[in-house]
Amino acid sequence: RKATDTGLYTSSNSFCNFKYNINMIKSLIFRTLSLSSSFVKVNKSITKLFILLNKSGFSKSVLDDIANKTINKLEG
């Protein structure tokens, strides 16, 4: 990550439609998958991403569900 990365993302309790939050998470996962060169790096990056998103109020079950759907869609 760059030194300028603040790790701040939209809160799950924000005023915007929850669909925007879901799409933000999907795009972050897709970016992680496309920029990482190995499975180990993907796993490490997604783990860090989930920690940051969890601090923003997203539950682990929601994050896991979105990640599974996004990865399955890319594979299929």
Side-chain angles (χ1 to χ4, degrees):
R1 300 193 183 267
K2 292 184 177 183
T4 56
D5 181 21
T6 61
L8 296 176
Y9 297 105
T10 305
S11 171
S12 65
N13 299 324
S14 69
F15 67 92
C16 67
N17 190 334
F18 193 68
K19 186 174 183 177
Y20 293 116
N21 289 336
I22 292 172
N23 288 328
M24 173 196 64
I25 296 167
K26 287 179 182 180
S27 67
L28 291 169
I29 291 169
F30 180 76
R31 186 175 73 180
T32 299
L33 292 170
S34 62
L35 295 177
S36 298
S37 59
S38 70
F39 179 74
V40 173
K41 290 181 180 180
V42 167
N43 192 27
K44 185 177 179 182
S45 294
I46 288 180
T47 301
K48 285 183 181 181
L49 175 64
F50 280 16
I51 290 169
L52 292 173
L53 291 171
N54 194 283
K55 289 180 182 179
S56 293
F58 294 96
S59 69
K60 182 177 179 343
S61 61
V62 168
L63 294 172
D64 288 340
D65 184 50
I66 295 170
N68 288 333
K69 287 179 181 177
T70 304
I71 293 169
N72 289 335
K73 186 175 182 179
L74 290 173
E75 289 177 348

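When L49, L33, T70 are each tested for a side-chain contact (heavy atoms from CB on, under 4.5 Å) with L28, only one passes: L49.
The shortest heavy-atom contact between C16 and N21 is SG-OD1, 3.8 Å. Heavy atoms only, all atoms of each residue included: L63 and F50 are closest at O-CZ, 3.5 Å.
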Step by step, work out the side chain to side chain contact (heavy atoms under 4.5 Å, CB included) result for N23 and K19.
CA-CA 6 Å; N23 288 328; K19 186 174 183 177; 3.9 Å; yes
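Atom CZ of F18 is surrounded by more than 12 heavy atoms from other residues, nucleotides or ligands within 6.0 Å.
Side-chain atoms of S27 come within 3.5 Å of backbone N or O of M24 as a donor-acceptor pair.
Here the straight-line distance linking atom CZ of F30 with atom CG of L35 works out to 9.0 Å at 0.5 Å rounding. For the atom pair I66 CD1 and I22 CD1, the distance stands at 5.0 Å (nearest 0.5 Å).
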With a 3.5 Å cut-off and sequence neighbours excluded, list the donor-acceptor pairs that the side chains of residues 53-60 form with protein atoms.
from: N54; atom 1: ND2; to: F58; atom 2: O; distance (Å): 3.4
from: S56; atom 1: OG; to: L52; atom 2: O; distance (Å): 3.4
from: S59; atom 1: OG; to: S61; atom 2: OG; distance (Å): 3.3
from: S59; atom 1: OG; to: V62; atom 2: N; distance (Å): 3.3
from: K60; atom 1: NZ; to: D64; atom 2: OD2; distance (Å): 2.8

